[in-house]
2 protein chains.
Amino acid sequence: MFLSRNTNTLDAKGRVSVPADFRVEVGAGRESGAGIFDGIIVWPSFDGPYLEGGGIALLRDYQALLENMDPYDDARIAFERAIFAESRRLSFDANGRVSLPKELAEYAELNGQVTFIGLGRRFEIWNPAKYESQSASARKMARENRHRLRLAGHRNISGDGAGTGTGAAS
Amino acid sequence: MFLSRNTNTLDAKGRVSVPADFRVEVGAGRESGAGIFDGIIVWPSFDGPYLEGGGIALLRDYQALLENMDPYDDARIAFERAIFAESRRLSFDANGRVSLPKELAEYAELNGQVTFIGLGRRFEIWNPAKYESQSASARKMARENRHRLRLAGHRNISGDGAGTGTGAAS
DNA sequence: GGGGATAGCATGGGAATTTATGGGATACAA
DNA sequence: TTGTATCCCATAAATTCCCATGCTATCCCC
C-alpha cells in the first residue's frame, strides 16, 4: 500500500529517488506472479498537471477492468489511449532511482523537487508547490464530507447517515 | 504488456525500429512455449486507417477466441479473414527493425515517421499526425468518464460508491 | 542512558552499454 | 538489368550502470 508524502530531488540527468517504501511495495506486487519488471509505471494524469503511477500490478488491475468492457466502447478505448499509451516504464537503478522522461517532467512542471503522494493502490507525483494548495483544499473537503467516512463491518444503528447532523462547518 | 507511445522513423527502405520495450515483450511471450518466431505480427485495422499488431502470443489468443465461436458463424469467418488473412509476420533484423510492407504503410498512410501505441495486450501503429487528434479526444473522453475507472477487488464499504467522483481536483 | 558503530537512503558524477538510424554490400527475383 | 529484400557495419545520442559520498536513523555495547 502506497502511503505518505515524500519530496525528493530531480537531478540534472532527470533522475529521482523513489521513496524506499514505494520500492518495497512494487516489489511485493511483482513477486506474486507478475512479470519480472522492477520499477514503477507512470503516466500523465488526464485530470490535472500531475503524474499518476503504480507498480505493474496496478496496470494489470486496470487491464482487467478494461477488458471487461466492450472492446469498442469509446470509454474503454479512451482509457487505453490515455493510460496505457501515455505511460512509461521506469525501472530502478541500483540505488532505487528512476529517470523521468522529459515529456513527463514537463507535463507536471517538475524541476528541482518532486513530491510522491502515496494513495493506497497508486500514487501521484506532483510539483511540491502545486501540491500544497491541493493538500489544503483536500483537508477542507474531507472535513466537509467527514460523515461519509464510515467504515462498514458493524451494523448501522441509525437509519440516517449524516450522524452529527449539520456537521459541515466552514 | 505493451505500454507507452513511441515515434520512430520509417526510412527510405521501408524499415522502422520497433521500440525496445516492445521487443522484450514479444520475446517474453515467445519463450513461454510459443514458436521460435522473433518479431511482430501486424495487420490493417478494420476500424480505421492504422495497423494493429502484437506478438505471436496475441494471435494465439485470437485463435482461441475464434475457435470458441461457431465454425460457420459469419462473424467468425469475417474475423479470420480480416485478421489472420491480412496479417504479416515482420521479423526483427539485427538492430531490432522490421521492414514494413508497402501495402501496410499505404493503408495507414505512413511516411517518414510512425508511432507505436502500446495498449496492453496489443499495439497499434499510426501516422503520428493522425494519432494526435485521437490522443487529444481520448484524453477528453477519459476525463469525462473517469468515474467508470473504479478498481474493484476489495470490499466495497458503503453502498454507494464514489459514483460521480469526489470532484476533488479542479 | 551515552556514545560510537552500522546499515540504509538519497544524491552526484563518470563510464559503459543500448538504442535508433543511416548507408553500403550481397543475394534473389522479375 | 532493375528493383527489392536481407544482412552487415558504423555512428551519434540517449540511457543505464557503477562507484563514491554525506546524511540520518537504528542498533549495540559499555
Side-chain angles (χ1 to χ4, degrees), chain A residues 2-28 35-42 53 87-106 110-118 123 125-128, chain B residues 2-28 36-42 53 87-107 110-118 123 125-128:
Chain A
F2 297 109
L3 291 177
S4 93
R5 171 167 57 139
N6 217 309
T7 298
N8 289 338
T9 78
L10 182 66
D11 71 15
K13 289 174 158 181
R15 296 177 302 185
V16 61
S17 286
V18 175
D21 287 358
F22 287 23
R23 297 203 297 264
V24 313
E25 176 66 21
V26 304
I36 52 172
F37 171 65
D38 187 27
I40 57 176
I41 295 169
V42 175
S87 71
R88 304 286 300 257
R89 244 183 265 258
L90 309 182
S91 52
F92 299 138
D93 71 8
N95 298 329
R97 284 178 294 195
V98 297
S99 62
L100 206 57
K102 269 198 304 294
E103 315 90 74
L104 291 182
E106 283 168 8
L110 303 175
N111 45 15
Q113 301 281 105
V114 310
T115 299
F116 289 81
I117 313 286
F123 58 84
I125 301 177
W126 283 78
N127 176 315
Chain B
F2 296 107
L3 290 177
S4 96
R5 169 170 59 139
N6 220 308
T7 298
N8 289 339
T9 77
L10 182 66
D11 70 15
K13 293 176 169 178
R15 298 176 301 184
V16 61
S17 286
V18 175
D21 286 357
F22 288 22
R23 298 203 296 263
V24 313
E25 176 67 20
V26 304
I36 53 172
F37 171 64
D38 188 27
I40 57 177
I41 295 170
V42 176
S87 70
R88 305 286 299 259
R89 249 183 264 256
L90 309 182
S91 53
F92 300 137
D93 71 8
N95 297 331
R97 285 179 292 198
V98 297
S99 60
L100 206 56
K102 268 199 306 295
E103 316 90 74
L104 292 181
E106 283 168 8
Y107 178 85
L110 303 176
N111 45 15
Q113 301 280 104
V114 310
T115 299
F116 290 80
I117 313 285
F123 60 83
I125 300 177
W126 282 76
N127 175 316

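Residue numbering restarts at 1 for every chain, and letters A, B, ... go by the order of the sequence lines.
- In this structure S99(B) satisfies the side-chain hydrogen bond (donor to acceptor under 3.5 Å, both in side chains) test with no other residue, sequence neighbours excluded.
- Side-chain proximity of R15(B) to the nucleotides dC8(D), dT21(C), dG14(C) is greatest for dC8(D).
- With distances taken from any side-chain atom of D11(A) to the nucleotides dT21(C), dG22(C), dG12(C), the minimum falls on dG12(C).
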- Produce a footprint string for nucleotides 25-30 of chain C: one letter per nucleotide, 5' end first; B if the base is under 4.0 Å from any protein heavy atom, S if only the sugar-phosphate is, - if neither. B-----
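- Across all strands, V18(A) comes closer than 4.0 Å only to sugar-phosphate atoms, never to a base (heavy-atom distances).
- One atom, CZ of R89(B), and another, P of dT6(D), lie 14 Å apart when rounded to the nearest Å.
- Between the C1' atom of dG22(C) and the CG atom of L10(B) lies a distance of 13 Å, rounded to the nearest Å.
- For the OP1/OP2 pair of dT11(C) and a distance below 4.0 Å, the side-chain nitrogens and oxygens of T9(A) include at least one atom meeting the criterion.
- What separates CG of L100(A) from P of dT16(D) is a distance of 12 Å, to the nearest Å.
- Across dT21(C), dA10(C), dA20(C), the shortest atom-to-atom separation from the side chain of N8(A) is found for dA10(C).
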Restricting both atoms to N or O, compile the protein contacts to nucleotides 9-15 of chain D shorter than 3.5 Å, with distance only.
from	atom 1	to	atom 2	distance (Å)
dC9(D)	N4	N95(B)	ND2	2.9

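- Residues that satisfy the side-chain hydrogen bond (donor to acceptor under 3.5 Å, both in side chains) test with R89(A), not counting sequence neighbours, are absent from this structure.
- With sequence neighbours left out, the ring pair (Phe, Tyr, Trp, His ring centres under 6.0 Å) criterion links F2(A) to F22(A), F123(A).
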Under 3.5 Å, which donor-acceptor pairs do the side chains of residues 10-19 of chain A form with other protein atoms, sequence neighbours left out?
from	atom 1	to	atom 2	distance (Å)
D11(A)	OD1	K13(A)	N	2.9
D11(A)	OD1	G14(A)	N	3.1
D11(A)	OD1	R15(A)	N	2.8
D11(A)	OD2	R15(A)	NE	2.9
D11(A)	OD2	R15(A)	NH2	3.1

